[in-house]
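In what follows, a structure is listed as structure tokens, so that the remarks can point back to it.
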Amino acid sequence: MPQTTRLRTDLLAVREQLVEDRARIREQHDRGLPSVQVCGKLTSSVDGAIQRLHDAALAEMTTTEAESLREHSALVAHGGYGRRHLAPYSDVDLMLLHDGKSSNAVAALARRLTQDVFDVGLQLGQSVRTLNDAVQLARNDPLVGTSLIESRLLLGSSELFNNFLAAFTAMVERRRTPLALAFIEARRQERLKFGETVFVLEPNVKKSRGGLRDLHLYRWLWFLKSQESDPDRLHMLGHLSKFDHRRLSSSTSFLLHVRNEMHFAADTARDTLVRPEQVRLAERFGIR
């Protein structure tokens with residue numbers, strides 16, 4: 001019984017910290033903090049929460065189980081969370097990567113994190129995969145493949161994570177063309193669903209034509225070509241002109257700003273620009 005009470009106290013503390021962080025970041029957003037920095041601060045807040053929940057879960061296990069998990073598993077952020085572009089109420093995409101040597105402990109950790117992350121108020125998209133499973137899924141499913149391009153190690157074995165990156169990159173190098181075609185087709189189907197024309201009356205700021213997803217597609221295709229998806233790095237390496245880098249950066253910043261404002265105002269995830277929201281945003285941003 002004391003153990004349960006202590007855990008509940010931990011969860012409440014994490015939840016309160018997330019609420020405080022979001023309120024503070026919202027004030028900074030309202031004062032004009034650039035959207036990429038807003039997203040970065042939101043991401044760092046969630047990173048801290050995930051680490052505390054992970055540490056609390058390991059503290060409840062035996063020493064042998066905890067050490068085995070640290071050695072044979074890794075928590076990997078991917079998708080928008082991986083590239084540090086979290087909006088205030090974005091889903092948190094996590095992969096529990098493991099090498100198959102501590103399956104029971106991995107399953108227990110996955111169950112614990114799923115419940116705890118939900119209890120602190122975050123929306124979790126979690127998967128549990130071995131290195132080979134992750135690479136094979138990325139090979140055959142463009143949604144998995146594009147999400148894992150944006151992978152970032154949070155906790156656990158750096159050796160396992162680096163082995164995953166090496167295997168993933170090797171697969172990409174062998175299958176550049178079919179992967180590129182699959183990514184483009186998946187994005188085409190998404191645009192058809194959420195609005196192919198730029199004249200959609202109530203577009204989705206993330207998934208309609210001209211939304212954030214089109215900018216993500218550039219990142220994914222660049223990764224297939226050069227194993228690098230970050231526009232800043234691409235510009236430094238000479239793969240992206242100064243003009244194109246500025247245009248992409250300003251477009252990303254504007255769309256993220258719109259999305260952050262929509263989430264903050266609704267106190268929930270909202271990506272569709274309904275007519276009343278268009279009017280409100282136009283007035284707020286001074287757009288005639």
Side-chain angles (χ1 to χ4, degrees), residues 43 46-47 49-58 60-61 64-86 90-118 120 122-176 178-180 182-183 186-187 190 213 216 219-220 223-224 227-229:
T43 302
V46 172
D47 283 354
I50 297 297
Q51 180 163 1
R52 290 177 68 180
L53 296 178
H54 177 268
D55 290 348
L58 264 57
E60 300 291 334
M61 297 181 175
T64 301
E65 287 176 326
E67 288 303 317
S68 180
L69 284 169
R70 292 188 180 98
E71 183 178 353
H72 298 292
S73 70
L75 269 184
V76 179
H78 57 93
Y81 182 34
R83 66 177 165 266
R84 302 185 63 83
H85 278 183
L86 275 186
S90 291
D91 290 350
V92 176
D93 292 325
L94 272 179
M95 177 172 65
L96 181 49
L97 186 69
H98 66 102
D99 60 11
K101 295 181 180 179
S102 302
S103 298
N104 291 336
V106 167
L109 177 61
R111 289 192 298 270
R112 172 70 172 266
L113 284 177
T114 298
Q115 185 62 53
D116 286 358
V117 171
F118 175 79
V120 300
L122 298 173
Q123 296 300 313
L124 178 66
Q126 179 171 277
S127 58
V128 181
R129 298 168 180 151
T130 64
L131 186 156
N132 289 334
D133 288 341
V135 174
Q136 280 301 110
L137 281 168
R139 181 181 187 276
N140 298 316
D141 187 331
L143 296 181
V144 175
T146 53
S147 184
L148 293 184
I149 282 174
E150 313 278 8
S151 293
R152 177 171 60 90
L153 177 64
L154 287 179
L155 298 161
S157 171
S158 57
E159 180 181 1
L160 177 62
F161 178 69
N162 289 333
N163 288 340
F164 158 70
L165 286 184
F168 181 78
T169 301
M171 181 275 292
V172 165
E173 289 178 346
R174 291 192 303 268
R175 293 183 53 78
R176 280 195 184 101
L179 286 173
F183 292 175
R187 176 60 189 134
E190 188 175 57
R213 221 19 134 226
H216 300 162
R219 295 174 65 106
W220 303 332
F223 184 86
L224 297 182
Q227 288 75 60
E228 180 59 67
S229 64

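Please read all numbers here as calculations on a predicted model, not as lab measurements. For this chain, numbers begin at 1 and follow the sequence in order.
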Side chains of H216 and R219, donor plus acceptor under 3.5 Å: no
Is there a side-chain contact (heavy atoms from CB on, under 4.5 Å) between L122 and L124? Walk through the geometry before answering. CA-CA 6 Å; L122 298 173; L124 178 66; 5.9 Å; no
Before you tell me yes or no, could you show the steps for V120 and D116 under side-chain contact (heavy atoms from CB on, under 4.5 Å), namely the whole-Å CA-CA distance, both residues' side-chain angles and the distance that decides it to 0.1 Å? CA-CA 6 Å; V120 300; D116 286 358; 5.7 Å; no
Flag, side chain of [X] to backbone of [Y], donor-acceptor distance under 3.5 Å:
X: T169; Y: A166; answer: no
X: Q51; Y: L155; answer: no
X: S68; Y: T64; answer: no

Please name the pair of heavy atoms, one in [X] and one in [Y], separated by the smallest distance, quoted to 0.1 Å.
X: S229; Y: E150; answer: OG-OE1, 3.6 Å
X: H98; Y: L160; answer: CA-CD2, 3.8 Å
X: S151; Y: V76; answer: CB-CG1, 3.8 Å

Run the numbers on M171 and L179 for side-chain contact (heavy atoms from CB on, under 4.5 Å), then give the verdict. CA-CA 10 Å; M171 181 275 292; L179 286 173; 3.9 Å; yes
Using the ring pair (Phe, Tyr, Trp, His ring centres under 6.0 Å) criterion, which residues pair with Y81? Sequence neighbours excluded. none
Does any pair with a residue in residues 152-165 pass side chain to side chain donor-acceptor pair (under 3.5 Å), and if so which ones, sequence neighbours excluded? D47-R152
Listed once per pair and sorted, the side chain to side chain donor-acceptor pair (under 3.5 Å) pairs that draw on residues 140-149, sequence neighbours left out: H78-S147
Stepwise, does the side-chain contact (heavy atoms from CB on, under 4.5 Å) test hold for R112 with E60? CA-CA 10 Å; R112 172 70 172 266; E60 300 291 334; 3.3 Å; yes
Please work out which of the three classes, parallel, tilted or perpendicular, describes the rings of F168 and F223, given edges at 30° and 60°. tilted
